[in-house]
There are 2 protein chains.
Amino acid sequence: MRASDRAYHQLRQEIITWRLAPGTVLAEVEQAGRLGVSRTPVREALSRLMAEGLAATEGRRGVVVAELSVTDLEQLFELRETLERKAAGLAAARGDRGRFRRLHEQFLHAEASLDAPEEVEAYYALVGELDAALDEECGNAYLALSLRQLRPHLQRLRRLAHDQPERLAASAREHAAIAAAVADGNPGLAAAATTVHLSASLKHLHHSQSGQGTLAPAHSVHLTTHESESR
Amino acid sequence: MRASDRAYHQLRQEIITWRLAPGTVLAEVEQAGRLGVSRTPVREALSRLMAEGLAATEGRRGVVVAELSVTDLEQLFELRETLERKAAGLAAARGDRGRFRRLHEQFLHAEASLDAPEEVEAYYALVGELDAALDEECGNAYLALSLRQLRPHLQRLRRLAHDQPERLAASAREHAAIAAAVADGNPGLAAAATTVHLSASLKHLHHSQSGQGTLAPAHSVHLTTHESESR
DNA sequence: TCGGCCCTTTGTGTATACAGTGAAAGGAGT
DNA sequence: ACTCCTTTCACTGTATACACAAAGGGCCGA
């Protein structure tokens, strides 16, 4: 794998998991030293992160990790609903029904076995499979591209929520409903089920952040020592 | 302005205006020599173009100008309608009505004076102003970002259409209807007017390309000699 | 004459050197 | 003591050098 790819994936992961907090300065020389590559791959990685919106140039301070406010949360979900409703509807109209029928059954099965912590990991992987299936079966590469560009931001938001078992179970049922509607070839119902799921998800996220103006992850993250070095 | 910015803007413009045809190989050393900068800014420019989807890596052939098929045309308009309907609706709900009232009057005025060729330029600039107004007044930075990422592809498609005066006049009326609906604060009507405009626009584009499997610009473009050098 | 192997050339990926600019800190003057 | 100016440092932007990989062509052998 190329060094620029490694730098990109590592920085991306660290931003999504909040190990690199919003506002952290991503100086080229510092990151190059930390990641063990030269400045050139780091520059390419930062370019890609800026194109995704995970990083931004902040005046003269250089490249910083993008901020994430309650306003961002609401705007991201507004766009997400628009895109995912359309994708679900198109997949219901054009997609491979058997694929979503299988996903439907997997979600029903996952709901019953969401007790163990390792099952939560598997559940998130299943959600990712449904996302990928909608991307592919909606038959619109540009719509899928927009959704893929949106997803890293949503993954970052996910870390804000507490993983309450009852919410995960409800989420599984909502995903099952989406998959069922797509499998039935019902675009209107698929879009409606998407709205239902996203409304519940947004409400849960809002509740997790109740009162706070600035967003912060649910479980405090083991902070790296690098930002103190970067002073 | 930075050299990488100049390289990016020039390559972008040449791709949008079809002076760099789809499939053209964008070799780093070749473009560096042609644009009068070194490989480093060219690399950054190519990265940005690939992030936008205007260029893509094609196996071992390196970076090439992205292809554009009839399928792309239809998928781009499908996504465009989804995003612009939402943006128009949000702008109608939240936006500054006076701004769209003024744009409405400008479109009515433009329709009456679309005879001179320089008026066509001014008309396209006015369309750009409406787009920018929707971006800003929809109150959703992520939606605006998605729209801005979509627009270079649409600009490339625009070159496929013949600028027939009657179509431009109809387009002006359709844009006026959108601006009026937003100015009236009517989200449903704004979305509907957007669908009306895009349907007519897509139909006109399809008609301009009737019968051809591969897309080509309406007026043959003065081809650069560079692709023959790049063999 | 045809096929296979080797060599050369071209292009990308990475590292590093150099220059220009902006910011911050310290010293001097009022 | 405070403010302003100067100097220095650090960072980005750009250029270039080097290594490695692949593809194409030419040559040699069968």
Side-chain angles (χ1 to χ4, degrees), chain A residues 1-12 14-15 20-66 224-231, chain B residues 1-15 20-67 224-231:
Chain A
M1 184 185 269
R2 300 185 307 194
S4 59
D5 284 342
R6 279 191 294 108
Y8 165 72
H9 283 111
Q10 180 165 347
L11 284 172
R12 185 177 187 274
E14 289 178 344
I15 292 173
L20 284 172
T24 305
V25 176
L26 299 173
E28 292 179 6
V29 284
E30 175 198 355
Q31 299 303 320
R34 189 167 72 89
L35 302 176
V37 296
S38 84
R39 280 180 56 208
T40 309
V42 171
R43 281 183 72 83
E44 184 166 332
L46 292 180
S47 286
R48 292 168 70 178
L49 292 171
M50 288 170 56
E52 280 183 302
L54 288 177
T57 60
E58 191 164 315
R60 303 287 190 286
R61 288 180 54 202
V63 179
V64 300
V65 177
T224 66
T225 61
H226 305 293
E227 54 253 81
S228 50
E229 290 171 1
S230 77
R231 300 297 316 164
Chain B
M1 185 186 272
R2 299 184 310 194
S4 59
D5 284 342
R6 279 191 293 110
Y8 165 72
H9 287 295
Q10 181 165 349
L11 285 172
R12 185 177 187 274
Q13 202 61 24
E14 288 178 345
I15 293 173
L20 285 173
T24 304
V25 176
L26 299 173
E28 292 179 5
V29 285
E30 175 198 353
Q31 298 302 320
R34 189 168 71 89
L35 302 176
V37 295
S38 84
R39 280 181 56 209
T40 310
V42 171
R43 283 181 72 83
E44 183 165 330
L46 292 179
S47 286
R48 292 169 70 178
L49 292 171
M50 288 169 56
E52 280 183 302
L54 288 177
T57 60
E58 193 163 312
R60 302 288 188 282
R61 289 179 55 201
V63 179
V64 300
V65 177
E67 300 286 343
T224 66
T225 60
H226 305 293
E227 56 253 81
S228 50
E229 291 170 2
S230 76
R231 300 295 315 164

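Each chain gets a letter, A, B and so on, in the order its sequence line appears, and its residues count up from 1.
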Next item on the list: State which of dG13(C), dG13(D), dA15(C) makes the closest approach to the side chain of Glu28(A).
Entry: dG13(D)

Next item on the list: Please determine if Asp5(B) and Arg48(B) form a salt bridge, counting it only when a charged side-chain N lies under 4.0 Å from a carboxylate O.
Entry: yes

Next item on the list: Just do the side chain to side chain contact (heavy atoms under 4.5 Å, CB included) check on Leu54(B) and Leu11(B) with the steps written out, would you?
Entry: CA-CA 10 Å; Leu54(B) 288 177; Leu11(B) 285 172; over 6 Å; no

Note to self: For Thr40(A) and Val63(A), find the nucleotide of DNA chain D closest to each by heavy atoms; which residue's nucleotide sits nearer the 5' end?
What the structure shows: Val63(A)

Note to self: Rounded to whole Å, please give me the gap between CZ in Arg61(B) and C1' in dG24(D).
What the structure shows: 16 Å

Note to self: Please determine whether a side-chain nitrogen or oxygen atom of Arg43(B) lies at a distance below 4.0 Å from atom OP1 or OP2 of dG13(C).
What the structure shows: yes

Notebook entry, point to check: Do you know the tightest heavy-atom contact between Ala55(A) and Leu26(A)?
Noted result: CB-CD1, 4.3 Å

Item checked: Rounded distance in Å - CG (Leu26(A)) to C1' (dC11(D)) -> 14 Å

Margin query: From C-beta outward on Val29(A), which listed nucleotide comes closest to its side chain: dG11(C), dT12(D), dA15(C)?
Written below: dT12(D)

Item checked: Distance test, side-chain N/O of Ser4(A) to OP1/OP2 of dG13(C), below 4.0 Å -> no

Margin query: Tell me the interatomic distance from Glu58(B), atom CD, to dT12(C), atom P, rounded to whole angstroms.
Written below: 14 Å

Margin query: What is the distance, to the nearest angstrom, from the CD atom on Glu44(B) to the P atom on dG13(C)?
Written below: 15 Å

Note to self: Rounded to whole Å, please give me the gap between OH in Tyr8(A) and P in dT14(C).
What the structure shows: 15 Å

Checklist line | Interatomic distance where CZ belongs to Arg2(B) and P belongs to dA15(D) [whole Å] | finding: 13 Å

Next item on the list: Quick one: closest heavy-atom pair of Gly23(A) and Arg61(A), and the distance?
Entry: O-NH2, 3.3 Å

Next item on the list: Can you check whether any acceptor in the base of dG13(C) is under 3.5 Å from a donor in the side chain of Arg39(B), or vice versa?
Entry: yes

Margin query: Just the rounded figure in Å: distance from P of dT12(C) to CE of Met50(B).
Written below: 12 Å

